[in-house]
Amino acid sequence: MYQWRKFEFFEEKLGGGKCKIPEEISGKIECASSGRGKLVIGCDDGTVSLLDRGLNFNFGFQAHSSSAHFLQMLKQRNFLVSIGEDEQISPQQSGMCLKVFDLDKMQPEGSSTTSPDCIGILRIFTNQFPQAKITSFLVLEEAPPILLIAIGLDNGCIYCIKGDIARERITRFKLQVDSSSGEGNSSVTGLGFRLDGQALLLFAVTPNSVSLFSMQNQPPRRQLLDQIGCNVNSVAMSDRSELIIGRPEAVYFYEVDGRGPCWAFEGEKKFLGWYRGYLLCVIADQRNGKNTFNIYDLKNRLIAHSLVVKEVSHMLCEWGNIILIMTDKSALCIGEKDMESKLDMLFKKNLYTVAINLVQTQQADASATAEVLRKYGDHLYSKQDYDEAMAQYIHTIGHLEPSYVIQKFLDAQRIYNLTNYLENLHEKGLASKDHTTLLLNCYTKLKDVEKLNVFIKSEDGVGEHKFDVETAIRVCRAANYHEHAMYVAKKAGRHEWYLKILLEDLGRYDEALQYISSLEPSQAGVTVKEYGKILIEHKPAETINILMRLCTEDIELAKRVTSNGGYLSMLPSPVDFLNIFIHHPQSLMDFLEKYTDKVKDSPAQVEIHNTLLELYLSIDLNFPSISQVNNGTDFNIKARTASNGKLAVDGKNSSIEKDTLERREKGLRLLKSAWPADLEHPLYDVDLAIILCEMNAFKEGLLYLYEKMKLFKEVIACYMQVHDHEGLIACCKRLGDSGKGGDPTLWADLLKYFGELGEDCSKEVKEVLTYIERDDILPPIIVLQTLSRNPCLTLSVIKDYIARKLEQESKLIEEDRRAIEKYQEDTMAMRKEIQDLRTNARIFQLSKCTACTFTLDLPAVHFMCMHSFHQRCLGDNEKECPECAPEYRSVMEMKRSLEQNSKDQDQFFQQVKSSKDGFSVIAEYFGKGVISKTSNGSTGTARSDSISSSSGF
């Protein structure tokens, strides 16, 4: 073992070798123990003293009357168990006693000293347990207050005491370790308890044997582990409950099944101990007579500390330190250095492997281990041992910034090491996008397709996302590893990348279409929106078929399931895919036509019809959007349009013009079919349709739309623009008949048009005058004024019309003259009668009552209307004639109604507007005396005259 390296991982504390046991401890130190932050020392005068962390005297007390032989501080309770000699009760009984002190309970013994409460005293030797020399002592706290005390004797026996000593509830039993007669070879030199699950085991050591007792058996069963042993103070227990014994040739470890590891440390082991994974040995060198204190790190195979010491009497561990008490009452306190100091010491000596093993065995945190590995890697890198350096850097993954390592290995000569590091970085799932890019670039530069396949196609690659998928695809694609990029994209479900490679890099359009067909409808729709332009350009028919499946999938099932179109609203709309046809309007038209043939009640049918109209009516099928029309638009379309609204076909562009005519026929059919008679509004945007027809000079469509919207004036305006007189008159015949819901004022507009035409149109004017005269639409004076503006028209055109109108007017004048004469005669007769009533007496000659037809007798009542009544027949109503009163009241009611109507101006103007002859309405109001009244005075006079003319006597 002399080959083991020696280090100074420990240092002396408390002033080094100058530390001494306090002078208050005057007797010879016989025993010592530590625990619960205290150091307990027992002397040959029976006193027990307690020292603090600085080895300062705390307090002392008289534990035994003669001498204290053994001490042990308990861990679970602040108890001290001691064995010492007290006064003998009788010569036959030994004075050896076991005492238990409660250090938390102090009893005053006077003014200057205090002592803990002794809660239990027990005589060790009895008649059943004869007296012998005690050689070892050990206490186990099973379950407080139960104690298990083992006392080893020089006769090879172990006395065991179990129970609550304070209450004297104990049991005693004896274990026989060695029955040999030799006194020096049978003494029990060491004890050790071990808890193995629920089993309690007791190791017992003699100079010639190592035994194991199973305490759960009754009686305890002994098992001989080895036939070699050791002396007193050369027995210890490791933190793994292994028994350790020290012999001159070696140090032996024992498990429950026998001897374990053996470490050949030569020299007499005067003291043996265990401290935080270190083996403590005080070894006597027989050659020079010196004692050496060594601290062994068995895991790392090094000596953590070595020191020549004086004669040691006791070795203890407390406060994280190792305390050696010498026979001359001096003390040595040794403490472990911190990890940083130990590592600095190793780094200065370039002992990096030792440092790594040290941090790993002492369970340092991962960051500290990584720092040691980094320094070791830097050391190897400086020595140009790149492979070993990278092996260390790989162990730092997760704690060391990857860029620190990557920057060192970016040189092309060390690309293999860099690749190895990046692979491990990805394996642990700590790689970023940049790391993935760098690794793939390394593969491509090395042209290592096999490793690239392993990285890309391994089951735990994409599945667990150990690299950034998008980065891998992008790098492989840039390096022309298209198959690898497609594999990653497909496995990761990145359909857009898969199709981008197929279409943009490889041009495999059929395979792209097959892939899209295999996707879910929602995913397929997204991919078609993104890459549909390329597919339409190269595979229009196949792309349209895919779109039809997307937009009409399970359409028959939907019709069976629901009738309200709810399922259709869940399917993609053709409108969503219009942008992919931006440069291919013919394909768009084919797609929309197929869709409308299959789906009749699409939620987007308005938008679809609008788009189809735009395609049908376009001159050269360049798919112009209304919002994108600019100054570059061909505004000379009309120049290429014949007078009947159809395009003129020339020989050069006959096929194009023929296609245009076919599309316009489809457009007209769509205009008509999408506006059924039962719908108020069509299934397309009317305003957009009108704009499209006007832009593309599509007269048939304009005429249909204007007529459906009852914009008759705009209809005839279309004919006027192209000077289609025959069509204009035919249109007015169809739309100007008021009996069929037409607008007769169209004839007036038509007459105004011919009046302003500036050319000879006598035939047309005569025909128009016929309908104007028939429906009495305009007065002759307006007709003359309108036609007088056309210098090309002669009087002969309207000669017959004027003659007929004059003759008609003459007849009307004659009829009015006769009516006036009649009204004048009636008026004169009424005035004469009124005057006669005012000035002459009226003779009443009726002999019978008008009411009852009996002979008239007094009292009687005569009215000016020449009716006579009995007074009894009139009752209470004597002021008006019962026969004439109803007629009079009807006349008065009519008068009041006329007066009321005169206040309703809206009705008056409505009658004037709706009448063919508004002047006649005004004359009628004047004739009825409604408008002529100007003051209340005249009204009152008229009312009084009427009352007086009808009053009776």
Measuring from [X]:[atom1] to [Y]:[atom2], what's the distance to the nearest 0.5 Å?
{"X": "His435", "Y": "Leu425", "atom1": "NE2", "atom2": "CG", "result": "5.5 Å"}
{"X": "Ile415", "Y": "Tyr443", "atom1": "CD1", "atom2": "OH", "result": "11.0 Å"}
{"X": "Leu439", "Y": "Leu422", "atom1": "CG", "atom2": "CG", "result": "5.0 Å"}
{"X": "Leu617", "Y": "Leu692", "atom1": "CG", "atom2": "CG", "result": "5.5 Å"}
{"X": "Asn696", "Y": "Ile691", "atom1": "CG", "atom2": "CD1", "result": "11.5 Å"}
{"X": "Cys442", "Y": "Asn417", "atom1": "SG", "atom2": "CG", "result": "10.5 Å"}

Using the rule given for side-chain contact (heavy atoms from CB on, under 4.5 Å), can you reason through Ile729 versus Glu764, listing the C-alpha separation, both sets of side-chain angles and the distance that settles it, and then say yes or no? CA-CA 8 Å; Ile729 294 176; Glu764 291 83 356; 3.7 Å; yes
Glu700 versus Tyr704: any side-chain heavy-atom pair under 4.5 Å?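 Answer no - side chains too far apart.
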With the side chain counted from C-beta on, respond yes when Trp675 and Val686 share a heavy-atom pair under 4.5 Å apart, and no when they do not.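 Yes, at least one pair of side-chain atoms sits under 4.5 Å.
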With a cut-off of 3.5 Å and sequence neighbours excluded, list every side-chain donor-acceptor pair involving residues 570-580.
unit_1	atom_1	unit_2	atom_2	d
Ser573	OG	Val575	N	3.3
Asp576	OD2	Ser573	N	3.3

Do side-chain atoms of [X] reach the backbone of [Y] as a donor and acceptor pair under 3.5 angstrom?
{"X": "Ser618", "Y": "Leu615", "answer": "no"}
{"X": "His609", "Y": "Leu683", "answer": "yes"}
{"X": "Asn420", "Y": "Tyr416", "answer": "no"}

Do Tyr421 and Tyr393 have ring centroids that are under 6.0 Å from one another?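 Judged by ring-centre distance (under 6.0 Å), Tyr393 and Tyr421 do not meet the cut-off.
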Partner residues of Lys594 under the side-chain contact (heavy atoms from CB on, under 4.5 Å) criterion, sequence neighbours left out: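 Expected list: Ile544, Asn545, Met548.
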Contacts of type side-chain contact (heavy atoms from CB on, under 4.5 Å), residue Glu542, not counting sequence neighbours: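 With neighbours one apart ignored, the set is Leu513, Lys539.
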Could you report the tightest heavy-atom contact between [X] and [Y], atom names first, then the distance?
{"X": "Ile397", "Y": "Lys428", "result": "CG2-CD, 3.7 Å"}
{"X": "Gly398", "Y": "Leu430", "result": "CA-CD1, 3.4 Å"}
{"X": "Arg664", "Y": "Ala697", "result": "NH1-O, 3.5 Å"}
{"X": "His395", "Y": "Ala391", "result": "CD2-O, 3.0 Å"}
{"X": "Ala389", "Y": "Gly377", "result": "CB-O, 3.5 Å"}
{"X": "Leu671", "Y": "Ala689", "result": "CD2-CB, 4.1 Å"}

Yes or no on side-chain contact (heavy atoms from CB on, under 4.5 Å) for Leu613 and Leu688, after CA distance, side-chain angles and deciding distance? CA-CA 9 Å; Leu613 285 175; Leu688 176 62; over 6 Å; no
On the 0 to 90° scale, with breaks at 30° and 60°, tag the Tyr509-His538 ring pair as parallel, tilted or perpendicular.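 Taking His538 first and then Tyr509, their aromatic rings lie parallel (interplane angle under 30°).
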Whether Phe591 and Phe581 hold their rings parallel, tilted or perpendicular, with breakpoints at 30° and 60°: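 Answer is parallel, since the angle falls under 30°.
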Indicate whether the side chain of Thr396 and that of His399 have a donor and an acceptor atom separated by less than 3.5 Å.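 No donor-acceptor contact under 3.5 Å links the two side chains.
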Candidate pair Ile546 and Thr543, rule side-chain contact (heavy atoms from CB on, under 4.5 Å), full reasoning: CA-CA 5 Å; Ile546 289 180; Thr543 307; 5.6 Å; no
Carboxylate-amine/guanidinium contact Lys666 Glu593, below 4.0 Å: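 The answer is yes: the pair qualifies as a salt bridge.
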Please evaluate residues Tyr684 and Leu612 with respect to the criterion side-chain contact (heavy atoms from CB on, under 4.5 Å), reporting the C-alpha separation (whole Å), side-chain torsions for both, the decisive distance (0.1 Å), and the verdict. CA-CA 10 Å; Tyr684 50 82; Leu612 279 173; over 6 Å; no
